[in-house]
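Hydrogens, waters and symmetry mates are skipped; everything else that's a heavy atom, side chains included, is used. Quick note on labels: first sequence line is chain A, next is B, and so on, each numbered from 1.
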Protein chains: 2
Amino acid sequence: MLTQAAEDYLKSIYKLQEKGGKVSTGILAEFLDVKPASATGMIKKLKSMNLVIHQRYQGVTLTDAGKAVALEIIRHHRLLELYLNKALGVPWDGVHEEAEKLEHVISEDVEARMDEFLGYPTADPHGSPIPDKNGVVPEIQSIPMIDLQNGQSCVVAEVSDNDAALLRHLGSFNLYPGTAFRVIEVAPFDGPFTIDIAGQQAVIGREVAKNIFVNNVEPIDTV
Amino acid sequence: MLTQAAEDYLKSIYKLQEKGGKVSTGILAEFLDVKPASATGMIKKLKSMNLVIHQRYQGVTLTDAGKAVALEIIRHHRLLELYLNKALGVPWDGVHEEAEKLEHVISEDVEARMDEFLGYPTADPHGSPIPDKNGVVPEIQSIPMIDLQNGQSCVVAEVSDNDAALLRHLGSFNLYPGTAFRVIEVAPFDGPFTIDIAGQQAVIGREVAKNIFVNNVEPIDTV
DNA sequence: AAATTATTTTAGGCATAACTAAATTATATA
DNA sequence: TATATAATTTAGTTATGCCTAAAATAATTT
């Protein structure tokens, strides 16, 4: 059995590997809010367990075994988030923190029961894909909202889950995954987005828009 | 915030305090399956936090603050057991182990939501009382089944929760809290109990009977 | 009361996982 | 190319919480 810390490292390496390429000790340490020296220590330990590949100054990569563990933890996390939201009504800005603690202690049995209760879902409350029992991650193709232009309509696919205040902000506009909206105007000089959500107008700043990913994008309205 | 180990010690001290009087270092260590020297160390730490009172060779007692923590953990544990059983269908012989891990990480918010979902229950799947938010423990008056005599009928109030095999055994007879049964015969020379549960006969050994507590006891059948 | 037995405490270790400070290695700049 | 800067690693420390072995204390027996 792995320690909680080891699981958190593997999960973080996976996530960082997803976005950018090389996962350096420093990047990893920053992401986990520990000092680089601490990350070096854990990397050594994970390497000795054949969960990561590492060469001095060259960054870490997950082995197949390490990736399997990472995906298992991520699956726990996202199923828990959805379960807490759907079954217990925990608001979507609160599920992340709660799942962060529960993901390390939940049994496979309870997880399977939650999965069944939820009807074998493929995305968590923030739109992030839930890996299946075999570690297969459902593909979600989306583009950053920041790339949208005037007149384009779309549907929210996914939002960043690690900032509760941001989530509350988005919730106040009903900007949940699945919600459709249309860009009314992008203010000049990299200004904010004005959008229409079911008849209601909202102004979304560019920093916020970077954290929203959309799909079903319709071509520009050429009126 | 307390460590998980500290919480387990407080919970154990509370439970041992309930049955017998003085909680010695040795008894506590045996209960927690650690060496007495380890218990001494933790007792010292808990004492420094004013959670227990301790004098060398005299045993430990919980302070009001310590008792409050113990009851909170016990509340977490028992609500979780009931929730896992009722909401997710986890069999009653599995809920203890699962709750043992979850009790230390569940938030007050999620606990309150489970409590509401369950309709503010007062007993867990094994019949143990669930302390309320203020640490008030509902009274459950019961007697050990071992004290029953021929012909007496009663209702199961509570069973020991720490032996999964025992629980599966009792489950096979439908001997859950709330189940009524009648003693048909107690075999002579401290032999086993033969009982009638809804028309079905079952033989219950004396060691098992010591782990069953009953109430609503009817007087002896004087035919 | 003295000796034996049992309990409790102290002392010293180990593993985990963080830290700081210093040394090393790689990269960027002059 | 040499030097400065940045990143990474090593070395040594701290804290938690367990362990074993030995010492100290209490309780029981003779």
Side-chain angles (χ1 to χ4, degrees), chain A residues 1-17 19-62 66 69-70 73 100-101 103-105, chain B residues 1-17 19-62 66 69-70 73 100-101 103-105:
Chain A
M1 249 284 91
L2 289 168
T3 63
Q4 191 161 319
E7 290 182 346
D8 280 335
Y9 272 86
L10 290 172
K11 188 175 71 163
S12 301
I13 293 166
Y14 178 85
K15 287 187 175 181
L16 292 169
Q17 213 169 251
K19 352 191 144 175
K22 194 164 68 179
V23 180
S24 68
T25 304
I27 296 278
L28 181 58
E30 192 193 349
F31 189 80
L32 281 161
D33 201 24
V34 297
K35 298 289 176 258
S38 306
T40 298
M42 182 59 86
I43 288 167
K44 268 175 122 171
K45 194 184 155 187
L46 295 173
K47 189 181 180 181
S48 79
M49 292 190 276
N50 291 312
L51 295 168
V52 300
I53 294 165
H54 181 244
Q55 294 190 76
R56 301 156 50 98
Y57 299 91
Q58 294 303 121
V60 256
T61 319
L62 294 174
V69 173
I73 304 298
E100 203 66 26
K101 296 177 296 179
E103 66 188 13
H104 301 290
V105 298
Chain B
M1 247 283 88
L2 289 168
T3 62
Q4 190 162 319
E7 289 182 347
D8 280 334
Y9 271 86
L10 291 171
K11 189 175 70 162
S12 301
I13 294 166
Y14 178 85
K15 286 188 175 181
L16 291 169
Q17 213 168 252
K19 353 192 142 174
K22 191 164 70 178
V23 180
S24 69
T25 304
I27 295 279
L28 181 59
E30 192 193 349
F31 189 80
L32 281 161
D33 200 24
V34 296
K35 300 287 175 252
S38 305
T40 298
M42 182 59 87
I43 288 166
K44 266 175 122 171
K45 195 184 153 187
L46 294 173
K47 189 181 180 179
S48 78
M49 293 188 276
N50 291 312
L51 294 169
V52 300
I53 294 164
H54 181 244
Q55 294 190 75
R56 301 157 49 98
Y57 298 91
Q58 294 302 121
V60 257
T61 319
L62 295 174
V69 173
I73 303 298
E100 203 66 27
K101 296 176 297 179
E103 66 188 12
H104 302 291
V105 298

Those residues at least two apart in sequence (or on a different chain) that pass side-chain contact (heavy atoms from CB on, under 4.5 Å) with A:A6 are A:L2, A:T3, A:M42, A:L46

Across all chains, not counting sequence neighbours, the side-chain contact (heavy atoms from CB on, under 4.5 Å) partners of A:V105 are B:K101, B:L102, B:V105

Side-chain donor/acceptor pairs under 3.5 Å, residues 10-17 of chain A, sequence neighbours excluded:
residue, atom, partner, partner atom, Å
A:K11, NZ, A:E100, OE2, 2.8
A:K11, NZ, A:E103, OE1, 3.3
A:K11, NZ, A:E103, OE2, 2.7
A:S12, OG, A:D8, O, 2.8
A:Q17, OE1, A:L62, N, 3.2

Per the under-4.0 Å heavy-atom filter, residues of residues 6-14 of chain B near DNA chain D come out as B:Y9

Within residues 40-48 of chain A, those residues having any heavy atom closer than 4.0 Å to DNA chain C are A:M42, A:K45

Here the distance between atom P of D:dA15 and atom CD of B:Q4, to the nearest Å, is 22 Å

Within a strict 4.5 Å, meaning less than it, do heavy atoms of the B:T25 and B:I43 side chains meet? yes

At a 4.0 Å cut-off to heavy atoms of chain A, the contacted part of DNA chain C spans C:dT16 to C:dA26

Rounded to whole Å, the CD-P distance (A:Q58 to D:dT8) equals 10 Å

So, with a heavy-atom separation below 4.0 Å from DNA chain C, the residues of residues 30-38 of chain A are A:V34, A:K35, A:A37, A:S38

To the nearest angstrom, the OH-C1' distance between B:Y57 and D:dA26 comes to 7 Å

Applied to residues 21-41 of chain B, the salt bridge (charged side-chain N to carboxylate O under 4.0 Å, His left out) test, sequence neighbours excluded, yields none

D:dT30 -> Watson-Crick or G-U wobble partner, both distances under 3.5 Å, gives C:dA1

What one should report as the nearest heavy-atom pair of A:K47 and A:H54 is NZ-O, 2.8 Å

Of A:A5 and B:H54, the one whose closest nucleotide on DNA chain C sits nearer the 5' end is B:H54

